[in-house]
Amino acid sequence: MTNAVSSSDKTPSFEMTWGSSTSSGYCSDSDSDSEFEQYFTARTSFFPKTRKVNVSASVKQDEQIEGGKQELTAADIQQKVKEYNAQINSNLFMNTNKDASFTGFIKVQFKLARPVSVPTPKKGGQDAGGRRATGVKRRTSFYLPKDASKHLHISSRTSAREVIEALLKKFTVVDNPGKFALFERSERHEQVYVRKLSDDERPLRLRLQAGPNEKVLSFVLKENETGEVNWHAFSMPELKNFLRILQREEEEHVKQIVQRYALARTKMQEALAGSTPG
């Protein structure tokens with residue numbers, strides 16, 4: 001998105017920063033599996049493990065940053081933009097427009113627990129066997145690096161939903177944008193506060209209000225969790241792949257349990273054989 005970003009039909013410009021060079025897992029449709037979508041899981045379980053709560057660094061949900069909803073006049077915006085630019089040590093400045101809107105950069109961190117899907121690269125219109133490709137759309141799914149982040153150049157009128165769509169478009173992710181949500185994160189009084197942004201909130205306005213300090217405010221892209229998983233939001237190939245992952249994990253867990261009991265049985269038998277009647 002250029003400086004004339006006040007128009008909603010303009011596409012944002014982007015800058016990518018990576019905290020990791022590789023993803024946790026990757027799988028392409030060139031494998032022997034015949035499913036249209038394939039997943040490779042590098043995690044021990046499809047479902048997240050239960051973690052102990054860290055009482056000293058508790059996370060507060062649904063806490064809103066103070067002043068995030070305040071309406072600013074044109075004079076207020078100009079003053080705040082001036083103060084904001086004076087605090088940053090990079091060229092990621094904010095700029096005001098004549099219509100009282102403004103443009104600038106936000107940084108979004110990725111905290112995704114599940115893989116994302118991207119289109120499989122075309123191979124000259126033919127498949128591996130030299131046959132003409134059909135109209136079936138194949139996908140490749142992989143985990144994004146945990147520390148991945150991206151800078152977006154957006155307008156004060158860009159909504160949280162548009163930010164999500166722009167991020168997915170930049171990564172060529174074909175998953176439904178409704179599966180994701182944008183969160184604001186802040187650290188105050190040695191506690192972490194996290195709040196899910198509504199679709200129509202304006203992230204750049206929140207950034208201006210909070211200032212450039214990432215501890216005061218940062219943005220995180222996560223799965224749109226609503227408690228229970230909304231399985232209806234997934235396509236049939238995705239659901240089939242999830243079932244396949246669960247089946248593999250179940251078989252692995254059963255194998256581990258059988259081995260554990262077999263080892264215990266062997267040790268008990270050895271102990272019984274080496275003992276003398278008492």
Side-chain angles (χ1 to χ4, degrees), residues 1 8-12 14 16 23-29 33-43 45-48 61-62 106-122 133-146 148-152 154-155 157-185 194-204 219-247 249:
M1 183 177 294
S8 59
D9 59 349
K10 296 296 181 79
T11 302
F14 303 94
M16 185 189 309
S23 61
S24 302
Y26 175 85
C27 182
S28 69
D29 71 337
D33 202 309
S34 61
E35 291 290 339
F36 292 153
E37 292 184 85
Q38 301 179 359
Y39 288 85
F40 171 76
T41 176
R43 289 159 172 73
S45 177
F46 175 72
F47 294 104
Q61 296 286 345
D62 297 326
I106 63 170
K107 179 181 178 181
V108 181
Q109 296 176 314
F110 295 85
K111 299 291 183 182
L112 301 178
R114 293 192 287 267
V116 295
S117 299
V118 299
T120 299
K122 297 180 179 179
T134 64
V136 178
K137 293 182 179 180
R138 295 178 178 269
R139 298 180 180 181
T140 298
S141 298
F142 65 98
Y143 288 100
L144 285 174
K146 292 182 179 180
S149 63
K150 183 177 288 296
H151 284 92
L152 301 182
I154 62 175
S155 165
R157 294 171 178 167
T158 305
S159 66
R161 177 53 49 186
E162 290 171 333
V163 167
I164 295 173
E165 292 173 352
L167 287 170
L168 299 183
K169 182 177 180 181
K170 185 61 179 179
F171 279 99
T172 66
V173 174
V174 296
D175 293 311
N176 187 343
K179 296 179 184 178
F180 306 92
L182 194 64
F183 291 77
E184 65 176 18
R185 181 183 184 276
V194 178
R195 183 179 70 90
K196 177 182 174 181
L197 300 184
S198 62
D199 288 347
D200 58 351
E201 287 192 71
R202 306 295 190 254
L204 191 62
F219 295 106
V220 181
L221 183 71
K222 302 172 64 176
E223 281 85 3
N224 190 12
E225 300 290 0
T226 57
E228 295 293 330
V229 178
N230 182 17
W231 298 111
H232 296 286
F234 294 91
S235 65
M236 186 63 67
E238 287 176 319
L239 293 173
K240 289 182 179 179
N241 281 297
F242 291 152
L243 287 175
R244 187 172 68 248
I245 291 173
L246 290 175
Q247 182 178 358
E249 292 179 351

Check the pair Leu168 / Phe180 against side-chain contact (heavy atoms from CB on, under 4.5 Å), numbers first and verdict last. CA-CA 10 Å; Leu168 299 183; Phe180 306 92; 3.8 Å; yes

Within the side chain of [X], is there an N or O that forms a donor-acceptor pair under 3.5 Å with the backbone of [Y]?
X	Y	result
Asn224	Gly178	yes
Arg202	Arg157	yes
Arg114	Tyr143	no
Thr158	Ser155	yes
Asp199	Arg161	no

Between atom [atom1] of [X] and atom [atom2] of [Y], what is the distance when rounded to the nearest 0.5 Å?
X	Y	atom1	atom2	result
Leu144	Ser149	CG	OG	11.5 Å
Asn241	Ser117	CG	OG	8.5 Å
Asp200	Glu162	CG	CD	10.5 Å
Lys111	Lys222	NZ	NZ	9.5 Å
Leu182	Ile106	CG	CD1	6.5 Å

I want to check something: taking the side chain as every heavy atom from C-beta on, are [X] and [Y] in contact at a cut-off of under 4.5 Å?
X	Y	value
Gln109	Leu221	no
Val108	Leu167	yes
Lys107	Lys150	no

Can you give me the closest heavy-atom contact between Ser159 and Pro203, atom names plus distance?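 Minimum heavy-atom separation between Ser159 and Pro203: C-CD, 3.9 Å.
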
Show the numbers, then the answer: is there a side-chain contact (heavy atoms from CB on, under 4.5 Å) between Val163 and Ile154? CA-CA 8 Å; Val163 167; Ile154 62 175; 4.2 Å; yes

For the salt bridge (charged side-chain N to carboxylate O under 4.0 Å, His left out) test, which of Glu223, Glu165, Glu238 pairs with Lys179?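 By the salt bridge (charged side-chain N to carboxylate O under 4.0 Å, His left out) criterion, Lys179 pairs with just one of Glu223, Glu165, Glu238: Glu238.
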
Between Lys196 and Glu201, is the closest basic N to carboxylate O distance under 4.0 Å?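 Judged by the 4.0 Å cut-off on N to carboxylate O distance, Glu201 and Lys196 do not form a salt bridge.
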
Using the benzene-type ring in the case of Trp, are the ring centres of Phe110 and Phe219 under 6.0 Å apart?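 No; Phe219 has its ring centre 6.0 Å or more from that of Phe110.
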
